2 protein chains.
Amino acid sequence: MSVTLADVAARAGVSAATVSRVLNGNYPVAGSTRSRVLRAVDELEYVVNGPASALAAASSDLVGVLVNDIADPFFGIMASAVQSEIGPGPDGAGHKMAIVCNTGGLPERELTYLTLLQRQRAAGVVLTGGAVEDPGHAEALGARLRRLEAAGAQVVLCGRPPLPEPGPLTVTFDNRGGARRLTEHLLSLGHRRLGYLAGPAGRTTTRHRLEGHREALSAAGLAGDAERLTVQGAYDRAAGYDGALELLRRDPGLTAILAANDTVALGVCAALRDRGLRIPEDVSVTGFDDLPFAVDATPALTTVRLPLHDAAARAGRLVLGRETPPPGGVTTFPTELMARQSTAAPGR
Amino acid sequence: MSVTLADVAARAGVSAATVSRVLNGNYPVAGSTRSRVLRAVDELEYVVNGPASALAAASSDLVGVLVNDIADPFFGIMASAVQSEIGPGPDGAGHKMAIVCNTGGLPERELTYLTLLQRQRAAGVVLTGGAVEDPGHAEALGARLRRLEAAGAQVVLCGRPPLPEPGPLTVTFDNRGGARRLTEHLLSLGHRRLGYLAGPAGRTTTRHRLEGHREALSAAGLAGDAERLTVQGAYDRAAGYDGALELLRRDPGLTAILAANDTVALGVCAALRDRGLRIPEDVSVTGFDDLPFAVDATPALTTVRLPLHDAAARAGRLVLGRETPPPGGVTTFPTELMARQSTAAPGR
DNA sequence: GTCGATGTAGAAAGCGCTTACTTGCCCAGG
DNA sequence: CCTGGGCAAGTAAGCGCTTTCTACATCGAC
């Protein structure tokens, strides 16, 4: 039915072992034999049986990439970067493929997918996105990751904080510093009444950004207001819309709103506009992440750039063992303030 | 080292065959035996060896999803929809996983990935995005798809036109009708000098949208202008920016620009703004696709909504054989005009 | 009381590859 | 001229599952 190694071997007049060695290139084969085999492969249109080779070699060409939501460019960019590191390059070489798993941010789903990846005998797994801060889940997750590693998979966390030692390799962002600088930027413009839309509760990303924000406020002697003007919500547009209205209710005179991310910021802008408030004249708005659309918003969003592509590419290299990890296994990427037109000195 | 079927069988006091049958549930097993086996599975934390089972069963739990660029929400939305159909549901059941392949729109890469998917013995493949209209590539692609199908994979095209009979199952959009209605909308507002940014040459999506556009122009007796005011370009923001400037050069008095898609439209808006032109007072702008950010643009983009999620979900069901295809195998989804604030009667 | 269904479980033969081990060969050194 | 080392290729034993075929009860029916 389908062409096998043995067929190729027969055609080339060699043994199956030799064909395998030519194909895997990890054993000396004479030049003439090699070319005879390759010709036979070509003529028969032979395609390796991946499962068979994974079974025999006890490891597959598959790398799992866990994301909260692949439709969100935040994760799409990271998935794309991982894939371009592990997949076939411009030369067509490289056989690894990415299994993208949409967890929807749900802890159980995360565990389910990790088991499925172990079942596929994945060569590695990249976990992107912030982690859920539930002790129970953290433990279950840690156990699952250890089992994966025991099964021979390389685990890399990307964009989430390191797990307690000895945890998996980690590539993360300085969320806290970014949030601090963003807040300092607004403070330096003269803002004193800042609303903060914090993102979903119980996630590390949310907490780190909030900490950075409060750090800056405390340094400016505004710690008291922080509690009152912080609203939790999802990482989506609707949360931004509703959250902005809620903040205005709590303090109709606030002059700036920091959104949990760029998408939330869009919702904030829509709400402010519907309320007849101008940006930035009446209220300054900031995002976070610097996704491609941030620069196209009107006004262009002041935000914090995360080097999503670079970080995920590095995660991709680490998962393949193509890059040596730093001592401790944790790489933290800096974040950068992108001051644009959605922030200005308070005008009211 | 790792727990196998045999270990589970030993622990449950049954044969490996029985364990396999319990796990696959396609053969009668007595209730008491079944529960003994499941307990053993639990106690030993047994995880099926996917490659081994794929080898023995001659088909894996993997479904390939080819996209041009996973970082683009257009594809992200489709990938997400496919995944939610095939992957583990809310109940945790379902074992299929999606291998997302970024082709970058490159024909060779497309072929490379299809071979890789065949190598993985993928149960199915969903090809999204417009096809390249090169006869050579079309043939190579057709051959590759036939080989995949011969190898037992179910192939589904999603968002690209059907291949000549007997081609694979297809789910597609009425791009032409959408473009026609969009153009009619502008014509009915009174526009007579319309610029068109057509997207990359040699792709079916580009051609179909262009045809719809010209259809409407011809019906209005404006066929002559069409040629002159059409500019080809990429599907990105920069193409929109440059294209808009080029169109203004060709006809400084044009009153509307139709962009190849929403992302391109953002570039158009930026260029117009830089030129000091107001939207829609001076120039109306339209997008295509109705991606989430379209409604957040300022002004909100008039565009054509493609039911990306529904179409891709259907593709996901078709690829698993969970939905019976219509006779002929082609489903065309309608598109819908979303008239928003970026279009208005010409004001100059 | 015997016989064919019927329902449940086991035995064993692969699935197509990888890889440790073995073999055969050629050539340099004694 | 013989021998030992090194290279290239072959042999064959699995890898962990699925599935066909077989075995054996149990059971209702004649």
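Letters A, B, ... are given to chains in the order of the sequence lines, protein chains preceding strands, and every chain is numbered from 1. These numbers come from a predicted model, not from an experiment.
Between the P atom of D:dT11 and the CG atom of A:Leu5 lies a distance of 15 Å, rounded to the nearest Å. Remark: P of C:dG16 and CG of B:Asn49 are 17 Å apart, rounded to the nearest angstrom. Atom CZ in B:Arg34 sits about 13 Å away from atom C1' in C:dT8, given to the nearest Å. The interatomic distance linking A:Gln118 (CD) with D:dG16 (P) rounds to 14 Å, in whole Å. To the nearest angstrom, C1' of D:dC15 lies 9 Å from CG of B:Leu55. Computed from coordinates, the B:Asp61 CG to D:dG16 C1' distance equals 15 Å when rounded to whole Å. Going from atom CD of B:Gln120 over to atom C1' of C:dC17 covers 14 Å, rounded to whole Å. In this structure, A:Asp7 atom CG and C:dG16 atom C1' are separated by 10 Å, rounded to whole Å.
For the segment residues 11-24 of chain A, the set of residues with a heavy atom within less than 4.0 Å of an atom of DNA chain C comprises A:Ala17, A:Ser20, A:Arg21, A:Asn24, in numerical order.
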For B:Leu157 and B:Thr172: C-alpha separation, side-chain torsions, deciding distance, then whether side-chain contact (heavy atoms from CB on, under 4.5 Å) applies. CA-CA 8 Å; B:Leu157 307 185; B:Thr172 189; over 6 Å; no

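Counting heavy atoms from C-beta on, the side chains of A:Ser84 and B:Asn102 never come closer than 4.5 Å.
With 3.5 Å as the limit, one finds no donor-acceptor pair spanning the side chains of A:Thr115 and A:Thr112.
Between A:Gln154 and A:Val319 the shortest heavy-atom distance is O-CG2, 3.2 Å.
Residue-to-nucleotide contacts include no donor-acceptor pair under 3.5 Å from the side chain of A:Tyr27 to the base of C:dA20.
When the side-chain nitrogen and oxygen atoms of B:Thr33 are compared with OP1 and OP2 of C:dA9, one or more of them lie within a distance under 4.0 Å.
The backbone N or O of A:Cys101 lies less than 3.5 Å from no partner atom in the side chain of A:Thr103, so there is not a single donor-acceptor pair. Judged by distance alone, the side chain of A:Arg119 and the main-chain N or O of B:Gly50 form no donor-acceptor pair under 3.5 Å.
Among the nucleotides D:dA8, C:dG14, C:dC17, the one closest to any side-chain atom of A:Pro28 is D:dA8. Here the nucleotide nearest the side chain of B:Ala30, chosen from D:dT19, C:dT8, C:dG16, is C:dT8.
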Can you give the donor-acceptor pairs under 3.5 Å from side chains of residues 39-46 of chain B to other protein atoms, not counting sequence neighbours?
residue : atom : partner : partner atom : Å
B:Glu43 : OE1  : B:Arg11 : NE           : 2.8
B:Glu43 : OE1  : B:Arg11 : NH2          : 3.0

